Amino acid sequence: MHSAFSGFRRSAGAARLAAAATVSGLVAAGALSGAGRAAADETPQTPGGATATINGLKTYGEAVIHEDGGDQRVAAGLFEMSVDGGGALQTYCVDLHNPTQRDARYQETSWSGTSLGANKDAGKIRWILQNSYPQVNDLAALAHRAGAGTLTEQDAAAGTQVAIWRYSDHVKVDAVDPQAEKLADYLQKSARDLGEPRASLTLDPPAVSGRPGDLLGPVTVHTNAAGVTVSPPADAATSGVKITDSTGKAINSAKDGSRLYFDIPEDASAGPAHTFGSAGSAAQLTVQASTTVPVGRALASDSRSQTQILAGSSESTVSATATATWAPEGAIPAVSARKNCAKSGVDIIAANKGDEPFSFELTGVEHTIPAGAVRTVTIPLQEDQAYDFTITGPHGFSRRFTGVLDCRTQGAITTQTTQAHNEPGPATVGGSAAPDTDLAATGGSAITPLIAGVAIGFVVIGGAVLILHRKREQPDS
């Protein structure tokens, strides 16, 4: 068994690592950066890794979805994505009933932030990905194992997508081509549970805090790359903030398991570039690498474009950030956020390394984090609900979080078309569309419209019941 990634561009890893340190869209979830600004920073929940733009459905065949309202014929196969900073991905859909928006931006994420987190068959989907096209590019051998005679790339992609849909969406679906259907049946029956793959690159935790004059951290690097470059704060030359190891030695590279620290000068809070009231200051580090994204990683979009799962990756640029805040006295907050599909909401993780309680207001309710403690506030949301809320506190602290909760595969396949001005209509199966047409539609469906230029209005969350969980208590470090 060996993998193919034909036709996908590769560029030198060195060139990618020389790219700008901060890649658009690759900010750590909720990290406190410039917390004293009058306007709250908007922070999507992105844990790091690859950020990419979907290009469309590229290698596909046909399938039939059997539903109560009748049968619908759809396109089924591989999508392609372009990675920010260089690289390309191949993906399958795991969210049949939601539309795919043209040029939607996706972020690598954990299963827990998608419908896969609550799907007992998610591990079987990963097995299918590991044991079918494009990871297995010997189509003759794959066809022999499946008893499928011969398979084209289009048949292999369609059969693989059909098998995935049977586990991701638990729908009745068949491939139109008999050989593709035999492959789908073989994959479905053979699938075994596999664990969730590791992220390509994350930093844990994404936000730390402490006193000036101390080493703040550690922030641990988790990556499948051989090494990562470490970029210090943009104004490190004037602020004096350094990124170091545990001994205080400045570093500019790291590897999986490395523990990074912010070395904050004792007089750092006095610098005008960092001062924000009496609460203290903030700085951010970025790590970047060139690596392949692990097969089975989920990719989600806050625009509600259908969730995807990674089937193949070229060498691609991945990035993650972490932020430190400090103050000479009082409360010293560090805040991050993540989607929690198991609890149908968003977790806000608030830590306080100060010697006084840290209080913040969220949707009209005040919460207090004792000195040295870490607490998690879970905000329950409805499926598909857009959220837009701001955490505020003393000394001008303000942090904004936005996004859409998209945790389930549900609903019926839509056949209504929504198009932006000057956008062509979707291609139709059996029509004149070439195999490489940029077709981006629901479930890879050629009859289901792509959604372009749809703006999701943010829902004001009021009167929500906030579930406060005590996660752990930490003493001052």
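Note that the structure is a prediction, hence the values are computed from the model and not measured. One-based numbering along the sequence shown.
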Original post:
Got a sec, which residues hit salt bridge (charged side-chain N to carboxylate O under 4.0 Å, His left out) with Lys182, two or more places apart in sequence or on another chain?
Top reply: none
Original post:
For the residue pair Thr323 and Ala282, what are the closest heavy atoms and their distance?
Top reply: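 Reported closest heavy-atom pair: CG2-CB, 4.5 Å.
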**OP:** Grab the two heavy atoms, one from Gln306 and one from Asn98, that are nearest each other, plus how far apart they are.
**Re:** NE2-O, 2.9 Å
Give a yes or no on whether the backbone of [Y] and the side-chain of [X] come within a donor-acceptor separation of less than 3.5 Å.
X: Thr114; Y: Trp111; result: yes
X: Asn340; Y: Ala342; result: yes
X: Gln107; Y: Gly48; result: yes
X: Tyr92; Y: Gln308; result: no

**OP:** Any chance you could measure Leu139, atom CG, to Thr152, atom OG1, to the nearest 0.5 Å?
**Re:** 7.5 Å
Original post:
How long is the span from the OH atom in Tyr167 to the CG atom in Asn119, to the nearest 0.5 Å?
Top reply: 10.5 Å
List in chain and number order the residues that pass side chain to side chain donor-acceptor pair (under 3.5 Å) with [X], two or more places apart in sequence or in another chain; answer none if no residue qualifies.
X: Ser110; value: Ser112
X: Asp174; value: His66, Arg166
X: Asn224; value: Thr291
X: Ser168; value: none

Original post:
Checking side chain to side chain donor-acceptor pair (under 3.5 Å) for the pair Ser200/Glu108: CA distance, chi angles, key distance, verdict?
Top reply: CA-CA 8 Å; Ser200 63; Glu108 179 187 344; 2.6 Å; yes
Subject >> Chi angles and distances behind the side-chain contact (heavy atoms from CB on, under 4.5 Å) call for Val64, Gln72 >> reply: CA-CA 5 Å; Val64 176; Gln72 296 196 52; over 6 Å; no
Who are the side chain to side chain contact (heavy atoms under 4.5 Å, CB included) partners of [X], not counting sequence neighbours?
X: Ser305; value: Thr100, Gln101, Ala104, Tyr106, Ser301, Ser303
X: Ala141; value: Asp138, Arg145
X: Asp177; value: Asp155, Gln179, Ala180
X: Ala254; value: Val221, Val228, Val230, Ser258, Leu260

**OP:** Enumerate the residue pairs fulfilling salt bridge (Lys or Arg N to Asp or Glu O under 4.0 Å) with a member in residues 186-202, sequence neighbours excluded, ordered by first and then second residue.
**Re:** Glu196-Arg297, Arg198-Asp256
Subject >> Salt-bridge present (Arg338, Asp347; N to O < 4.0 Å) >> reply: yes
**OP:** Identify whether the distance between the nearest side-chain nitrogen and carboxylate oxygen of Lys339 and Asp302 falls below 4.0 Å.
**Re:** yes
**OP:** Report the C-alpha separation of Asn131 and Gln135 in whole Å, then their side-chain angles, then the decisive distance to 0.1 Å, and conclude whether the side-chain contact (heavy atoms from CB on, under 4.5 Å) test is met.
**Re:** CA-CA 7 Å; Asn131 291 274; Gln135 287 301 302; over 6 Å; no
